[in-house]
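For reference, the structure discussed in these notes is given below.
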2 protein chains.
Amino acid sequence: MTTILIVDDEPGVRDLLHDALENADYDTELASNGAEALDAVRRGNVDLCIVDINMPVMDGFEFLERLRAHDTRTPVLMLSARDAPDDVARGLRFGADDYVRKPFSLEEILLRISAILRRSRSDATDELVLVCGPIEMNVDRHEIRVDGRDVDLSATEFRLLEVLLERTDRLVTREQLLREVWNIDFDSETSVLDTYISYVRRKIHHDDFAPITTVRGVGFKLMSPDTQR
Amino acid sequence: MTTILIVDDEPGVRDLLHDALENADYDTELASNGAEALDAVRRGNVDLCIVDINMPVMDGFEFLERLRAHDTRTPVLMLSARDAPDDVARGLRFGADDYVRKPFSLEEILLRISAILRRSRSDATDELVLVCGPIEMNVDRHEIRVDGRDVDLSATEFRLLEVLLERTDRLVTREQLLREVWNIDFDSETSVLDTYISYVRRKIHHDDFAPITTVRGVGFKLMSPDTQR
DNA sequence: GAGCGATGACGACAATTCTGATAGTCGACG
DNA sequence: CGTCGACTATCAGAATTGTCGTCATCGCTC
């Protein structure tokens with residue numbers, strides 16, 4: 001059985017998470033502040049912590065720092081309020097495993113939890129990363145790097161590239177792409193796909209690396225460098 | 001058992017619809033042009049026709065016109081290419097029961113089909129219409145009128161008003177609205193709800209009709225004219 | 001009833017998504 | 001090899017969605 005520790009000072013959020021996680025068949029423990037949370041982890045038997053950054057007295061970062069002083073193993077998922085890239089960076093530097101920005105849905109948080117647990121179970125840090133030449137897509141973290149540089153894709157752009165990456169070097173038809181990215185099942189004259197192909201190319205192509213090739217009349221294909229010639 | 005006649009000249013679309021409908025437990029008949037389709041309906045046993053407007057020889061309108069000359073009962077769902085408000089008007093005038101604009105998803109077309117069948121089964125033309133004073137929302141057709149005038153709401157605006165209408169004169173909490181419209185399950189400081197309340201008010205309120213009232217600290221309430229005072 | 005803190009309304013703006021138009025490119029065919 | 005038509009790339013712009021900041025308003029306390 002997997003036990004998840006919920007650390008948040010707001011009772012509403014705590015209860016919601018509690019119910020949701022119990023419903024999803026996790027055991028839960030609750031803590032309303034950092035001190036309680038540290039105690040709970042020390043008592044052992046916690047497989048993952050969900051920690052709100054914004055808490056009075058001991059905030060999420062302080063908790064994380066103190067926890068990591070003794071325990072570098074237990075995974076931690078941070079709940080960050082709003083848009084705070086600094087917070088994110090700071091959290092990851094201190095050893096958080098992932099962060100979720102508010103507002104978020106049940107579905108999203110459950111996905112993140114199972115991704116973290118999957119990683120931590122299979123020992124090391126094997127995240128789901130799709131690679132094609134200089135492109136690395138970390139699906140769990142929703143991050144992309146090309147030649148080691150972070151690239152910013154919108155949700156739709158990301159999804160499109162993800163589908164192409166999953167079928168590297170194989171043809172993906174227009175129909176498949178429309179279905180998997182836009183949930184459009186029927187033929188139509190929409191040009192939204194072409195537009196997004198263009199957006200993605202602009203963001204990841206450069207000089208001698210242009211892996212998204214057109215297969216006229218059929219679809220597109222993401223070519224790995226080996227195949228390119 | 002319900003039998004649906006699919007009329008489209010493109011084999012691809014035809015097959016997709018065929019598979020989808022069989023999967024959803026409908027019987028299907030296929031026709032690749034208007035003449036075949038008229039034959040099939042005359043043979044009896046067709047409960048609903050799905051007809052593409054764009055067909056060579058006899059197009060969707062011509063088919064509809066000829067069908068309606070003898071048969072005013074069998075419901076017809078038109079597939080319209082792209083944005084053609086004229087087509088829509090023309091189709092409905094000729095006695096189409098609904099139209100779906102390309103591109104569309106399986107889910108959407110199945111929803112439309114069951115809506116039409118529900119209506120046609122329960123005899124008359126009882127569509128799902130939510131009313132509150134001068135507001136009429138036709139959920140099936142995704143149309144709204146206020147004081148008899150069509151009002152244009154975006155998808156999110158529509159959904160928000162729909163949720164309020166479903167609970168007319170009852171309080172709907174911020175949490176319920178965030179969950180049902182945005183699929184956000186957790187507390188947060190987002191102000192997206194307030195922004196959209198503002199958008200909807202701007203579109204449907206006027207002089208002496210301002211039914212969306214604020215319940216401070218809790219949520220909103222759509223008040224019917226009787227209750228307003 | 002004045003002051004205050006919390007809450008809501010809404011304008012301004014940024015990002016994203018999608019449409020429609022236009023220009024370019026490919027490949028088939030003569 | 002040139003032409004034509006179909007298909008694709010890309011741009012500009014509209015619509016939609018969501019964020020942030022500011023100001024107004026509510027209801028409470030003194």
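Every chain is numbered from 1, with letters handed out A, B, ... down the list of sequences.
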Taking only side-chain N and O atoms of [X], does any of them lie within less than 4.0 angstrom of OP1 or OP2 on [N]?
X         : N       : answer
Arg201(B) : dA9(C)  : yes
Ser154(A) : dT17(C) : yes
Arg174(B) : dG8(C)  : yes
Thr190(B) : dT19(D) : yes
Ser198(B) : dC10(C) : yes
Thr214(B) : dA9(C)  : yes
Trp182(B) : dG18(D) : yes

> What do the steps show when you test Leu164(B) against Val200(B) for side chain to side chain contact (heavy atoms under 4.5 Å, CB included), and what is the final call?
Replying inline: CA-CA 11 Å; Leu164(B) 289 171; Val200(B) 173; 5.9 Å; no
Rounded off to whole Å, could you give me the [atom1]-to-[atom2] distance for the [X] and [N] pair?
X         : N       : atom1 : atom2 : value
Leu178(B) : dT17(D) : CG    : C1'   : 14 Å
Lys221(B) : dG8(C)  : NZ    : P     : 16 Å
Asp194(A) : dT8(D)  : CG    : C1'   : 6 Å
Phe220(A) : dC26(C) : CZ    : P     : 14 Å
Ile212(A) : dT8(D)  : CD1   : C1'   : 14 Å
Leu160(B) : dA9(C)  : CG    : P     : 12 Å
Asp152(A) : dT16(C) : CG    : C1'   : 12 Å
Tyr196(A) : dC18(C) : OH    : C1'   : 7 Å

> Of Glu157(B) and Arg202(A), whose nearest nucleotide on DNA chain D comes first from the 5' end?
Replying inline: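 Looking at DNA chain D, the more 5' nearest nucleotide goes with Arg202(A).
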> Does Ile197(A) or Thr156(B) map to a spot on DNA chain D nearer the 5' end, using the closest nucleotide for each?
Replying inline: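 Nearest-nucleotide comparison on DNA chain D picks Ile197(A).
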> Should the pair Glu108(B)-Arg112(B) be classified as a salt bridge under the 4.0 Å nitrogen-to-oxygen rule?
Replying inline: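 A salt bridge is present here (some side-chain N lies under 4.0 Å from a carboxylate O).
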> Would you call Asp194(B) and Arg201(B) a salt bridge, taking side-chain N to carboxylate O under 4.0 Å as the test?
Replying inline: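 No salt bridge links Asp194(B) with Arg201(B).
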> Could you walk me through whether Asp97(A) and Arg68(A) pass the salt bridge (Lys or Arg N to Asp or Glu O under 4.0 Å) check?
Replying inline: CA-CA 12 Å; Asp97(A) 293 78; Arg68(A) 285 288 178 253; 3.4 Å; yes
>> Base of dC18(C), side chain of Tyr199(A) - is there a donor-acceptor contact under 3.5 Å?
In response: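 It does, because a donor-acceptor pair links the side chain of Tyr199(A) to the base of dC18(C) below 3.5 Å.
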>> To the closest 0.5 Å, what do you measure between CD1 (Ile4(A)) and CD1 (Ile116(A))?
In response: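 Between Ile4(A) CD1 and Ile116(A) CD1, I get 9.0 Å after rounding to 0.5 Å.
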> Which listed nucleotide (dC26(D), dA6(D), dG20(C)) is nearest to the side chain of Arg216(A)?
Replying inline: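 That would be dA6(D).
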